[in-house]
Amino acid sequence: MANPTGPTPIDLPALRRAPKVLLHDHLDGGLRPATVLELAEETGYANLPAGTEPELAAWFRDAADSGSLVKYLETFEHTVGVMQTPAALARVARECAEDLAADGVVYAEVRFAPEQHLEGGLSLDEVMEAVLGGFAEGEAAARAEGRPIVVRCLVTAMRHAARSREIAELTVRWRDRGAVGFDIAGAEAGFPPSRHLDAFEYMRDHSAPFTIHAGEAFGLPSIHEALAFCGCDRLGHGVRIVDDITGVTPGASDFSGAQLGRVAARVRDARIPLELCPSSNVQTGAVASMAEHPFDLLAQLRFRVTVNTDNRLMSDTTMSAEMLKLVDTFGYGWSDLQRFTINAMKSAFLPFDERLALIDDVIKPGFAVLIG
Ligand SMILES: O=c1[nH]cnc2c1ncn2[C@@H]1O[C@H](CO)[C@@H](O)[C@H]1O
Ligand SMILES: [Zn+2]
């Protein structure tokens, strides 16, 4: 379906119409500020740092803008704090699916850590039931609005805790009901992925995929462990893989002198997907600025790069906004954005035939209209 007037100019409204794929988005990092306030009121959570919607939105963004992953993660106390009942969990999940669909996301894998939602006396399975029920409601509402989306769940274990094996078992127990993979998250320094080998072994033993937050706050050793010892299918962030590339400077335009070390070569050769989260990386100090983000270096070297939001509330962002930042910084066009989107769809933990159907029936036709 060619556009007779040529390519659509790339701006936020046009980006919202593009069919987008999101692999790295935290449920507890994407609440609407108004919902945080309402749930705090309903559930008797008294510790919120602000009392109005704009103040609370600004607080999350500013507090997350700390240059430190550990400080950034402290902001989750307040979102997790209001997500301790089945109704609250289901509402947050439903609104997440609706917000992503309204932004034009057609496939999303949304992650959260069930072990953080037990303060109200729920079991891990009850938490899963509430969240997956919320996603299904959100999918149905979005379909009724004419913005269909498929939302699946990644089940996260916290890397400083000791429940990862149990969470891996939970993931496998729910895999035919919407949980498509496993992850570990939380502070990276001091908590290497190899602390959780039995969880990863369990996943591999059950032919079930997983991603690992690695190479965000901590460098190459963490990426190496995630790949070599743990056998992850994707890398959450993985942005520090640039530490294994010499002969180039991120932010430059000519990367022809790039030389890949063994780990970087393995990541590229094996087509290991990188779940890059540009705004989040700047906020946590993983990268100094958007202009210096290695996204373009990695894209030009043909790593399997994907664009992600990480935490929409803390970064005050959306998938469309992340794409616009990349367009403004690196001059990407629609075909680049389509490539990143297809990279993401190819890397999803959804069955192959369903991935292919979304690429052929939704993503390519959607971009064709915009490319013209
Ligand atoms: O970028 C990140 N790096 C590491 N951990 C994160 C990041 N964003 C969120 N979380 C952690 O993951 C938990 C489950 O969703 C959140 O509660 C937060 O502690
Ligand atoms: Zn993350």
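Atoms within a ligand are numbered from 1 in the order they appear, just like the ligands themselves. Numbers here are sequence positions counted from 1.
- Those atoms of ligand 1 with a heavy atom of H213 less than 4.0 angstrom away are 2 (C), 3 (N), 4 (C), 7 (C).
- At the shortest separation from atom 3 (N) of ligand 1 among protein heavy atoms lies E216 OE1, 2.7 Å.
- Heavy-atom distances between G186 and ligand 1 reach below 4.0 Å in at least one pair.
- Crowding of R266 atom CZ: a count of heavy atoms from other residues, nucleotides or ligands under 6.0 Å not exceeding 12.
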Between R163 and E169, is the salt bridge (charged side-chain N to carboxylate O under 4.0 Å, His left out) condition met? List the steps. CA-CA 10 Å; R163 299 187 78 156; E169 290 171 12; over 6 Å; no
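- To the nearest 0.5 angstrom, I149 atom CD1 is 8.0 Å from L22 atom CG.
- Protein heavy atom nearest atom 7 (C) of ligand 1, with residue, atom name and distance: H26 NE2, 3.6 Å.
- Of the protein's heavy atoms, M158 CE, 3.5 Å lies nearest to atom 19 (O) of ligand 1.
- Residue H237: no N/O/S atom is found under 2.8 Å from the Zn ion (ligand 2).
- For Q116, a nitrogen or oxygen atom sits less than 3.5 Å from a nitrogen or oxygen atom of ligand 1, counting backbone and side chain alike.
- Residue E41 qualifies as open at atom CD: its count of foreign heavy atoms under 6.0 Å is 12 or below.
- Residue D310 counts as close to the Zn ion (ligand 2), with an N, O or S atom under 2.8 Å.
- For F76, every heavy-atom contact with ligand 1 shorter than 4.0 Å involves the side chain, none the backbone.
- Residue D310 touches ligand 1 through its side chain alone, judged by heavy-atom distances below 4.0 Å.
- Residue-ligand proximity: M314 is placed with every non-hydrogen atom at 4.0 Å or more from ligand 1.
- Not less than 6.0 angstrom separates the ring centroid of F191 from the ring centroid of H196.
- Here C277 does not reach the Zn ion (ligand 2): none of its N/O/S atoms is less than 2.8 Å from the metal.
- Cation-pi check for R234 over F349 is met; the charged atom lies under 6.0 angstrom from the ring centroid and within 45 degrees of its normal.
- At the shortest separation from atom 17 (O) of ligand 1 among protein heavy atoms lies D28 OD2, 2.5 Å.
- Of the candidates N281, N311, D183, it is N311 that places a heavy atom closest to atom 8 (N) of ligand 1.
- Ligand 1 has at least one atom lying under 4.0 Å from a heavy atom of H237.
- In E188, neither the side chain nor the backbone holds a heavy atom less than 4.0 Å from any atom of ligand 1.
- Taking the six-membered ring for Trp and the full ring otherwise, the centers of F295 and F340 sit less than 6.0 Å from each other.
- The protein non-hydrogen atom at the shortest distance from atom 11 (C) of ligand 1 is L73 CD2, 3.8 Å.
- In E354, the CD atom is crowded: over 12 heavy atoms of neighbouring residues, nucleotides or ligands sit closer than 6.0 Å.
- Near L69, the atoms of ligand 1 lying under 4.0 angstrom from a non-hydrogen atom of the residue are 3 (N).
- Neither the backbone nor the side chain of T284 has a heavy atom within less than 4.0 Å of ligand 1.
- Ring pair F210/F200 is parallel by interplanar angle, where below 30° counts as parallel and above 60° as perpendicular.
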Just do the salt bridge (charged side-chain N to carboxylate O under 4.0 Å, His left out) check on R173 and D125 with the steps written out, would you? CA-CA 9 Å; R173 202 150 65 238; D125 289 278; 2.9 Å; yes
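- Using a 4.0 Å cut-off to heavy atoms of F112, the atoms of ligand 1 that qualify are 15 (O).
- The only option from V21, I272, L23 that meets the side-chain contact (heavy atoms from CB on, under 4.5 Å) definition with S347 turns out to be L23.
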